[in-house]
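Notes for the one structure printed next.
If you read the sequence from its start, that first residue is 1, and numbering goes on from there.
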Amino acid sequence: MMELDWSKLGFSYLETHCHIRYMWRDGRWNEGELVNEPYLNIHIGATALHYGQAAFEGLKVFRGKDGVPRAFRPLENARRLNRSARRSCMAEVPEDLFMDAVRRVVKANMDFVPPYGTGASLYVRPLLIGTGERIGVNAADEYAFIVLVIPVGAYYKGGLQPVRALVMDDYDRAAPHGTGTVKLGGNYGASLLPHKLAHDKGFPIDLYLDAAEHKYIDEFGTSNFIAIDGKGAFVTPMSTSVLPSVTNDGLRTVAKDLGMAVEVRPVLFEEIATFAEIGACGTAVVLTPVNEIVRGDRVIKVGPREGCGPVLQNLYNNYTAIQWGNAPDRYGWLVEI
């Protein structure tokens, strides 16, 4: 195991031993190879560069108390990557190849899987890109599937801390029948300017409303929107523009097991003031409490001023206990490496 200060890891790139790379040519994937050099020699006409044929995923590997590393719900990421591939006419990655890639690259970088009890984990980033050249607007005839790994620290080292969010009325994340439901790189390119504008005003996250009417909540810039209503129900938006979050799905499953009502439905922006707790959820952080949402001159305060509300905190505790192997994996979410 590497001599790293696991307690000081953030969420940023850190060099590891290698990544794994597979190439798709002539209608099939090769056997893949572990590559030490963190660079890709790519044709200047590659469709990833010109026409946005690029999709990615994010998942984590956790080392349990028994020392065994386990990937958390990797098949869900494999399936979502293939939805992105179909939407952008890229070669799909068979689920067994995806799992082979995760196992091989984690085993080759076992030194970088943080020890149990440090709060750190191994972040796994699968990437699918068009590497074949096309100058006319068309899909490529060659693709690269790459999986890289990075040790990352606990996002909140002192417990869950609430943040403020700014509503982006001058920008839309995705159109109702666009690419918001898949994880294409271009979606994130379009979000960089509004995110910077929000950050420059002192808001760590931005909130998008539906592109058609700006009446309904879609999602935060990089995370799904979840809330606890006045009756204790778990509420999250139903929208044709929202990326289906593996974390959101898992939290809903845990909520149901805890006896909570779960509502996946259109959520009016005007409902925000009635919610008891609000959070942003995603792979990197699991859950971020949001205690203030600003839209123009309107400031809506929700939940406690410090820390996390009790319901979201309980969901977070139950969810992360499964990830770390501190609670029974009754859903079959953990895959041993």
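The side-chain tip of R70 does not point at the ring of F62 from less than 6.0 angstrom away and within 45° of straight on.
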Step by step, work out the ring-ring contact (aromatic ring centres under 6.0 Å, His included) result for Y123 and F11. CA-CA 9 Å; Y123 180 73; F11 194 83; 5.0 Å; yes
Could you go step by step and tell me if D210 and K215 meet the side chain to side chain contact (heavy atoms under 4.5 Å, CB included) rule? CA-CA 6 Å; D210 74 288; K215 286 172 53 179; 4.2 Å; yes
Where do I278 and I293 land on the side chain to side chain contact (heavy atoms under 4.5 Å, CB included) test, with the steps shown first? CA-CA 10 Å; I278 290 175; I293 294 177; 3.9 Å; yes
Where do L127 and F145 land on the side chain to side chain contact (heavy atoms under 4.5 Å, CB included) test, with the steps shown first? CA-CA 6 Å; L127 173 68; F145 173 56; over 6 Å; no
For E271 and R265, run salt bridge (Lys or Arg N to Asp or Glu O under 4.0 Å): C-alpha distance rounded to whole Å, both residues' side-chain angles, the deciding distance at 0.1 Å, then the answer. CA-CA 12 Å; E271 290 184 65; R265 59 173 176 78; 2.9 Å; yes
Run W333 and F72 through ring-ring contact (aromatic ring centres under 6.0 Å, His included) and show every step you take. CA-CA 6 Å; W333 284 348; F72 188 70; 5.6 Å; yes
Assess whether side chain to side chain contact (heavy atoms under 4.5 Å, CB included) is satisfied between M99 and V335, documenting all intermediate values. CA-CA 10 Å; M99 294 301 299; V335 177; 3.7 Å; yes
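Counted within 6.0 Å of CD on E213, heavy atoms from surrounding residues, nucleotides or ligands total more than 12; the atom is thus considered enclosed. Around CD of E306, the count of heavy atoms belonging to other residues, nucleotides or ligands within 6.0 Å does not exceed 12. Crowding of R305 atom CZ: a count of heavy atoms from other residues, nucleotides or ligands under 6.0 Å exceeding 12. Atom CG of D26 has 12 or fewer heavy atoms from other residues, nucleotides or ligands within 6.0 Å. Heavy-atom contacts from other residues, nucleotides or ligands closer than 6.0 Å to CG of L192 number more than 12.
With K60 contributing its side chain and A71 its backbone, the two residues share no donor-acceptor pair below 3.5 Å. Using a distance-only test at 3.5 Å, with no hydrogens or angles considered, no donor-acceptor pair links the side chain of R134 to the main chain of N138.
At a cut-off of 3.5 Å, with distance as the only test, a side-chain donor of N326 or Y116 sits close to an acceptor on the other residue. Counting only N and O atoms by type, the side chains of D111 and H17 include a donor and acceptor under 3.5 Å apart. Using modelled atom types, one finds a donor on one side chain and an acceptor on the other under 3.5 Å when comparing H214 with D172. Side-chain contact, R173 with Y171: no donor N or O sits under 3.5 Å from an acceptor N or O.
For F203 against A165, the heavy-atom pair with the smallest separation is CD2-C, 3.5 Å. The shortest non-hydrogen separation linking L251 to C281 is CD1-CB, 3.9 Å. Scanning all heavy atoms of the two residues, the minimum distance from T247 to G282 falls at OG1-C, 3.3 Å.
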Show which side-chain atoms of residues 225-234 pair as donor or acceptor with protein atoms under 3.5 Å away, not counting sequence neighbours.
unit_1 : atom_1 : unit_2 : atom_2 : d
D229   : OD1    : K231   : N      : 2.9
D229   : OD1    : G232   : N      : 3.0
D229   : OD1    : A233   : N      : 2.8

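Using a cutoff of 4.0 Å between basic side-chain nitrogens and carboxylate oxygens, R21 and E33 are not scored as salt-bridged. The residues R252 and D249 are annotated as salt-bridged, a charged nitrogen and a carboxylate oxygen being separated by less than 4.0 angstrom. Taking a cutoff of 4.0 Å between a charged side-chain nitrogen and a carboxylate oxygen, E270 and R298 qualify as a salt bridge. Between R79 and E57, no side-chain nitrogen of the basic residue sits less than 4.0 Å from a carboxylate oxygen of the acidic one, so the salt-bridge criterion is not met.
A chain of hydrophobic side-chain contacts below 4.5 Å, direct or via other Ile, Leu, Val, Met, Phe, Trp or Tyr residues, connects L34 to V61. No continuous path of hydrophobic side-chain contacts links L40 to Y22 [ILVMFWY only; heavy atoms under 4.5 Å]. Two different hydrophobic clusters hold V246 and V242 under the rule that ILVMFWY side chains link at heavy-atom gaps under 4.5 Å.
Under the side-chain contact (heavy atoms from CB on, under 4.5 Å) test applied with P126, the options L59, I146, V102, N77 reduce to a single match, L59.
For residues 82-91, the set of pairs meeting the salt bridge (charged side-chain N to carboxylate O under 4.0 Å, His left out) definition, not counting sequence neighbours, comprises R86-E92. Sorted by first and then second residue, the side chain to side chain donor-acceptor pair (under 3.5 Å) pairs involving residues 38-50 (not counting sequence neighbours) are T47-Q53.
Two rings, from F56 and Y188, have their centers less than 6.0 Å apart.
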